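Chain letters run A, B, ... following the sequence lines, proteins first, then strands; residues in each count from 1. For clarity, every value in this text was computed on a predicted model and none was experimentally measured.
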Amino acid sequence: MVRLAPDGRELDRRVVGTAELAVHVAERQQAEPGARWVWHDTARRYPAMLDAGVRVGRCHDLRLCHAILSTSSSVARAADLRAATQWDAVAAPEGPTGDALFTLADDPAARSGPPEGIDEALAEFARQRAAIAGAADPRRLEILCAAESAGALIAAELRHAGLPWDAAVHEDILIAELGRRPAAGGLPARVAELAAAVRAQLRDPQANLDSPAKLLRSLHRIDIPARTTAKWELRDFDHPVIELLLEYKRLHRLLTANGWAWLAEWVHDGRFRPVYIPAGVVTGRWAASGGGALQIPRQLREAMRADSGWRLVVADVAQLEPRVLAAMARDLALAESARGHDLYAGIVERGAVAERHEAKVAMLGAMYGATTGDSGRLVPRLRRTYPRAMELVDAAARAGENGEQVSTWLGRTSPPASAGWRARQASAAGEGASAADRDRARRAAGDRGRFTRNFVVQGTAAEWALAWLGEVRARLARLDPVPTAEAAPRSGAAFARVPHLAFFLHDELIVHTPARHAEAVAEIVREAAQAAASLLFGDFPIDFPLDLHISRTGAKG
DNA sequence: GAAATGCGCGCG
DNA sequence: AAAGCGCGCGCATTTC
């Protein structure tokens, strides 16, 4: 550990273990609340501090920032960073007994993580500072690295606090939908009944409903000529088995994905604690590992219950991506249509299309690269009405098709075209290329174009969301703790007495707060959205309206 | 018998 | 209505 003066001068250095580090950080946070901690990997250091009740205000995550800067097209000498060992490697998580559990030092060949020493960390930090300072627009990368690092803190904090989850409510839903939980092994009553009814209709008591290939053959035997067993295809066939089968699939899905096994594995002591992975997606979106945090069915949302005396403030952004697109492209016409709560209604008002639903599929089609169907047909209407916004995504698509890289608003850059992709394009352009070669190359180019088209919008939306999260976190930290008598101890040592973020998913966040702070928190969440807009887009006139509500109920029963 | 692949479906 | 982006998971099937 090394302490630096604001001018970068070294004040003192010591090698410390995790426990000692937590104590030291707690002391320094008191003395210098604005300090920014520089370390290799937040995911590795911060959870143990939180367990010790220590929160950190700001940090610079060398691993995540290395990943951004070493591949950003905004950085002039990114190769210097790439040459600097493996700073974006994920190190093994620190176990309860510290690094000793993962000692790899005696086997240098097995060591895949980054250098551990202070000098190496300082050198990497200096390289990253230089990379940012030398960029054409240093402010954007500065903001991106700060937001990414804040996100790393938040990801650890979200897991520490967890999302209040009432297992009894969840179980009530399961019983209502599926029937009683079977004693051992078997299917719940309603699922078993449906399976039997489907097999009766198929006139095959042994029919396998869970193997797509076998199910398809069973359907063919009763003259249903489906090509696949996907529900949007089955829905079009007029046969009594269809409704039963779709209901069976729905319940079977609920059972296997979010049934009793999921509850037992992921909900403990009234909290759902998924593992968040900042920048787990190349666009900068977060991924999740375990628990399926990205896919909790809406049906189960009722099981989210604030602790007694606490509230959940639930907020999501209405149509985040098209709003981000309007601001990036400086498209005043689209920004005007986006004013207020319903961007799609605004598009209809402007006369681009006749119906709200058309506005929605057209806009999604423009951002995803639809070429066929209703969506593909409607995109040209948007092109006429919002030429600046549409040119931005069209240009991103052309760049991708040409094998170029694209960047988000703040400077996160898409991956380069793979060697295989380049080889395919080159051989298709050569003399001996067959029609099939050219066709494959054209399809691959189209795929890549749709990816880069979406990358700039999805990635910038992720940046806006990170800024929003970071603003919310900073402002929540200024609210007063409640007395111990009103604490929510299950939210963990660091958050038992203060409002804290409890969930985040792309364009949605949830804060768990003492009831007395709920209105203040709601205001903070709204203000933070405008602050994020200003941070990224300055005074460009774009709204980011929220759907926001405060949960009425406390814990069940 | 483990690992990779395909399908289907939940989420944004 | 089920194409056009990004994910993770469970299950069945194929491959090593």
d([atom1], [X]; [atom2], [N]) in whole Å:
{"X": "A:R412", "N": "C:dG6", "atom1": "CZ", "atom2": "C1'", "answer": "14 Å"}
{"X": "A:M367", "N": "C:dG6", "atom1": "CE", "atom2": "P", "answer": "14 Å"}
{"X": "A:D547", "N": "B:dG12", "atom1": "CG", "atom2": "C1'", "answer": "14 Å"}
{"X": "A:I296", "N": "B:dG12", "atom1": "CD1", "atom2": "C1'", "answer": "12 Å"}
{"X": "A:R250", "N": "B:dC11", "atom1": "CZ", "atom2": "C1'", "answer": "16 Å"}
{"X": "A:M304", "N": "B:dC11", "atom1": "CE", "atom2": "P", "answer": "14 Å"}
{"X": "A:K360", "N": "C:dC5", "atom1": "NZ", "atom2": "P", "answer": "17 Å"}
{"X": "A:Q458", "N": "C:dC5", "atom1": "CD", "atom2": "C1'", "answer": "6 Å"}

Proximal nucleotide (of [options]) relative to the [X] side chain:
{"X": "A:Y368", "options": "B:dG8, C:dC7, B:dG12", "value": "B:dG12"}
{"X": "A:L294", "options": "C:dC9, C:dG4, C:dC7", "value": "C:dC7"}
{"X": "A:D236", "options": "C:dA12, C:dA2, B:dC9", "value": "C:dA2"}
{"X": "A:L505", "options": "B:dG8, B:dG10, B:dG12", "value": "B:dG12"}
{"X": "A:H506", "options": "C:dA2, B:dG8, C:dG6", "value": "C:dG6"}

Using a strict heavy-atom distance below 4.0 Å, which residues from residues 214-233 of chain A are in contact with DNA chain B?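 Contacts with DNA chain B under 4.0 Å: A:T228, A:T229, A:A230, A:K231, A:W232.
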Hey, is CD on A:E302 packed in by over 12 heavy atoms from elsewhere, all under 6.0 Å? no
Taking everything shown except A:K360 itself, do over 12 heavy atoms lie less than 6.0 Å from its NZ?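 Counting neighbours around NZ of A:K360, 12 or fewer heavy atoms of other residues, nucleotides or ligands fall under 6.0 Å, so no.
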Spell out, as yes or no, whether a donor-acceptor pair under 3.5 Å connects the side chain of [X] to the backbone of [Y].
{"X": "A:R323", "Y": "A:A335", "value": "no"}
{"X": "A:R448", "Y": "A:W421", "value": "no"}
{"X": "A:R199", "Y": "A:A207", "value": "yes"}

Would you state whether a donor and an acceptor, one from the side chain of [X] and one from the base of [N], lie under 3.5 Å apart?
{"X": "A:R235", "N": "C:dA2", "answer": "yes"}
{"X": "A:T283", "N": "C:dG6", "answer": "no"}
{"X": "A:R285", "N": "B:dG12", "answer": "yes"}

Rounded to whole angstrom, note down the C1' distance from B:dG12 over to C:dG4. 15 Å
Between C:dA2 and B:dC7, how many Å separate the two C1' atoms, rounded to a whole number?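 To the nearest whole Å, 16 Å.
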Is there a donor in the side chain of A:T413 and an acceptor in the side chain of A:Q405, or the other way round, less than 3.5 Å apart? no
When you compare the side chains of A:E157 and A:Y46, does any donor N or O come within less than 3.5 Å of an acceptor on the partner? yes
Establish, with yes or no, whether the OP1 or OP2 oxygen of [N] is under 4.0 angstrom from a side-chain nitrogen or oxygen of [X].
{"X": "A:R450", "N": "C:dG4", "result": "no"}
{"X": "A:R298", "N": "B:dG12", "result": "yes"}
{"X": "A:T256", "N": "C:dC9", "result": "no"}

Report the relative orientation of the aromatic rings in A:F272 and A:W262; use parallel for angles under 30°, tilted for 30 to 60°, perpendicular for over 60°. tilted
Nearest-nucleotide wise, let me know which of A:G369 and A:D210 is further upstream toward the 5' end of DNA chain C.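 It is A:G369, whose closest nucleotide lies nearer the 5' terminus.
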For C:dG4, the Watson-Crick or wobble partner whose two distances fall under 3.5 Å: none
May I ask you to say what A:A257 touches in the nucleic acid, namely base, sugar-phosphate or nothing, with a heavy-atom cut-off under 4.0 Å? nothing
Base, sugar-phosphate alone, or nothing: which one does A:D507 contact when heavy atoms must sit under 4.0 Å apart?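 If one applies the 4.0 Å heavy-atom cut-off, A:D507 turns out to touch the sugar-phosphate alone, with no base involved.
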A:R271 charged N/C atom sitting above A:W165 aromatic ring, 6.0 Å / 45°: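 No; the conditions do not both hold, so A:R271 does not lie above the ring face of A:W165.
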